[in-house]
Amino acid sequence: MRYWLMKSEPSAFSIDTLAALPEQTTAWDGVRNYQARNFMRNQMQIGDQVFFYHSCCSTPGIVGIAEVSQLAYPDVTQFDPASKYYDPKATHENPRWFNVEIRLLRKTRLLTLKELRSYPELTNMRILQKGNRLSITPIDPAEWKFIMAKL
DNA sequence: GCCAACGTTGGC
DNA sequence: GCCAACGTTGGC
């Protein structure tokens, strides 16, 4: 089993949006970055654990724990001309973009980016590196354990 | 709103 | 295959 961190902008889709859904499950669609896609398509397994992270907000940080509840399948928004995630180069025969589904396990306190930066144990985290923009990043098991103990 | 960093596109 | 231009991300 692997561990991940997945970013979402709360103005678009927050932890509370997820919590309010009937099954507390959502398709992680709209990812248009090849590295992030490859993580979902090639590596994510059902049961993988996920930190849900709020980015692009006044206080970015980890706000919840989720798990992968469905393996990757073609992202339906790439075929929808009305969607802002529409990709004219994608076809049903040869889809470009994939998404997993995740289910909320629980909300947590807000563990801020600032606090993450304060722990020497976490200095190698991808999300703390300068210039990092990747919306899905793997988390080291030791880092996962360390963060869990702080939540 | 600013700006640095990064990814993607497209001309050559 | 290179690289400049452009668009996007995301912290501050």
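Just so it is clear, the model here is predicted, and its values are computed rather than measured. All chains are named by letter (A, B, ...) in the order of the sequence lines, taking the proteins before the strands, and each is independently numbered beginning at 1.
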Full working for ring-ring contact (aromatic ring centres under 6.0 Å, His included) between A:F98 and A:Y73
CA-CA 5 Å; A:F98 291 76; A:Y73 56 86; 8.7 Å; no

Under 3.5 Å, side chain of A:Q24 to main-chain N/O of A:A19, donor-acceptor pair present?
yes

Is it true that A:W97 and A:Y86 have ring centroids separated by less than 6.0 Å?
no

Residues which pass side chain to side chain contact (heavy atoms under 4.5 Å, CB included) with A:M148, listed by chain and number, not counting sequence neighbours:
A:F51, A:I65, A:R106, A:W144, A:L151

State plainly whether the residues A:D87 and A:R96 are in salt-bridge range, i.e. N to O under 4.0 Å.
yes

Stepwise, does the side-chain hydrogen bond (donor to acceptor under 3.5 Å, both in side chains) test hold for A:D75 with A:T77?
CA-CA 6 Å; A:D75 179 338; A:T77 63; 2.6 Å; yes

Looking only at heavy atoms, the pair that brings A:A36 and A:I136 closest together is O-CD1, 4.0 Å

Reading nucleotides 3-12 of chain C from 5' to 3' and marking B where a protein heavy atom lies under 4.0 Å of the base, S where only the sugar-phosphate is that close, and - otherwise, the string is ----BBBBSS

5' precedence on DNA chain B between A:R96 and A:K130 (nearest-nucleotide basis):
A:K130

For DNA chain C, the expected dot-bracket line (Watson-Crick or G-U under 3.5 Å, [ ] crossing, | inter-strand) is ||||||||||||

Would you say that A:Q78 contacts A:K89 through its side chain, given a criterion of any heavy-atom pair below 4.5 Å between the two side chains?
no

